[in-house]
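Lettering follows sequence order; numbering is per chain, from 1.
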2 protein chains.
Amino acid sequence: MELIQTCCEPVLVEPIAAAEAEELAGGFKLLADPIRLRIISLIANSANGELCACDLPAVLGRSQPTVSHHLSLLTEAGLLSREKRGKWAWFRIDADRLGVLRDALSSP
Amino acid sequence: MELIQTCCEPVLVEPIAAAEAEELAGGFKLLADPIRLRIISLIANSANGELCACDLPAVLGRSQPTVSHHLSLLTEAGLLSREKRGKWAWFRIDADRLGVLRDALSSP
DNA sequence: AGTTAATATTGACGTACGTCAATATAACTG
DNA sequence: CAGTTATATTGACGTACGTCAATATTAACT
């Protein structure tokens, strides 16, 4: 652990590394949008833990391309998983990925 | 709880309200920046649970105005508290505000 | 094959944000 | 009081992001 000389007293560098902060910030950035939060919440509170994308434009009041865009972001980041069944796309939550972010707030 | 008619089956509206999603998203937006995450981490891992702003530009590799800007954002949002002692500004973490965001991830 | 329906992709537009230089404010020091 | 130091504010710049219209893709159904 590296030491840095400051005006007051030495400070430990780094509690979290810059690279780790970058990755965590990327995760929180995905949670930093109300539409994406509502998507996650809708899935989490859905009957079977999964939700059809077809419902979302009406529920969220956003266009189909916008909803699809958010779903893709969440899926590419691993926060959701996508399963195509026929014409429909069903999404589930990846609890582990969400847990990483929650744990980061437990001992920042 | 309102019902909405969709192509598949009725869906409960809303697990979280749009307004609540807006507020939570605002909180996560503050965590969605690596510099701000490192500030929080540095304070959390500091000796007395508080940190002098004077240390941060050197540690974080950002200009003084940039660091001050981030500290102001976090303070105005209630995630940090600021105490001016003489020339120096000392910052602490408001655990409750962070807890709200962590809890939101426990039952999204 | 042709049609319809659900989803994905592309391109464009406006806004929000991180950053720094320059300047202002506030507080200690000689 | 003049000078110095820590912090805050202002203004400007480039980039990233949320959004939608238009289009493409994929799958079901006649």
Side-chain angles (χ1 to χ4, degrees), chain A residues 5-9 11 18 21-40 43 50-77 79-92, chain B residues 5-9 11 18 21-40 43 50-77 79-92:
Chain A
Q5 207 56 250
T6 70
C7 63
C8 311
E9 48 181 276
V11 169
E22 204 82 44
E23 178 157 346
L24 274 177
F28 286 123
K29 200 166 297 184
L30 289 166
L31 303 179
D33 180 89
I35 297 295
R36 288 196 289 269
L37 283 182
R38 290 169 70 192
I39 290 174
I40 293 173
I43 300 177
E50 64 178 4
L51 197 64
C52 178
C54 59
D55 298 328
L56 292 175
V59 174
L60 299 173
R62 290 295 185 282
S63 71
Q64 180 270 324
T66 294
V67 170
S68 178
H69 175 235
H70 287 305
L71 287 169
S72 289
L73 288 180
L74 290 169
T75 302
E76 287 160 13
L79 287 168
L80 300 185
S81 66
R82 166 193 276 135
E83 187 190 353
K84 202 81 178 288
R85 293 207 291 269
K87 283 188 295 188
W88 293 279
W90 295 82
F91 293 85
R92 312 187 75 95
Chain B
Q5 206 56 248
T6 70
C7 64
C8 310
E9 48 182 278
V11 169
E22 205 82 42
E23 177 159 345
L24 273 177
F28 286 123
K29 199 167 297 186
L30 288 166
L31 302 180
D33 179 89
I35 296 294
R36 288 195 290 270
L37 283 182
R38 290 168 70 191
I39 289 175
I40 292 172
I43 299 178
E50 64 178 4
L51 197 64
C52 177
C54 59
D55 298 327
L56 293 175
V59 174
L60 299 172
R62 289 294 185 282
S63 72
Q64 180 271 323
T66 295
V67 170
S68 177
H69 175 236
H70 287 305
L71 288 169
S72 290
L73 288 180
L74 291 169
T75 302
E76 287 160 14
L79 287 168
L80 299 185
S81 66
R82 165 193 278 134
E83 188 190 352
K84 202 80 178 286
R85 292 207 292 267
K87 284 189 296 188
W88 292 279
W90 295 82
F91 293 86
R92 312 186 75 94

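Rounding to whole angstrom units, CG of residue B:Asp55 and C1' of D:dT7 are separated by 13 Å. Rounded to an integer number of Å, the gap from CZ of A:Arg82 to C1' of C:dT9 is 12 Å. Look at CG on A:Leu71: it is 7 Å from P on C:dA8, rounded to the nearest Å. Atom pair A:Glu83:CD and C:dT7:C1' shows a separation of 15 Å (rounding to whole Å applied).
Taking all atoms of both residues into account, the shortest heavy-atom contact from B:Trp88 to B:Cys52 is CD1-SG, 3.2 Å. Across B:Thr75 and B:Leu71, no two heavy atoms sit closer than the pair OG1-O, 2.7 Å. A pairwise comparison of heavy atoms in B:Arg36 and B:Lys29 identifies NH2-O, 3.1 Å as the closest pair. Nearest heavy-atom pair across B:Ala53 and B:Pro57 is O-CD, 3.4 Å. When all heavy atoms of B:Thr66 and B:Ser63 are compared, the pair lying nearest together is OG1-OG, 3.0 Å.
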*Let me have a per-nucleotide readout for nucleotides 14-24 of chain D, 5' to 3', with B, S or -, counting only protein heavy atoms under 4.0 Å.*
---SSBBBB--
*Sugar-phosphate means primed atoms, P, OP1 and OP2; the rest is base. With that split, encode nucleotides 24-30 of chain C 5' to 3' as B, S or - using protein heavy atoms under 4.0 Å.*
---SS--
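With rounding to the nearest 0.5 Å, the separation of CG in B:Leu73 from CD1 in B:Ile35 is 13.0 Å.
A heavy-atom distance below 4.5 Å is found between the side chains of A:Leu80 and A:Ile39. Between A:Arg85 and A:Glu50 the shortest side-chain heavy-atom distance falls below 4.5 Å.
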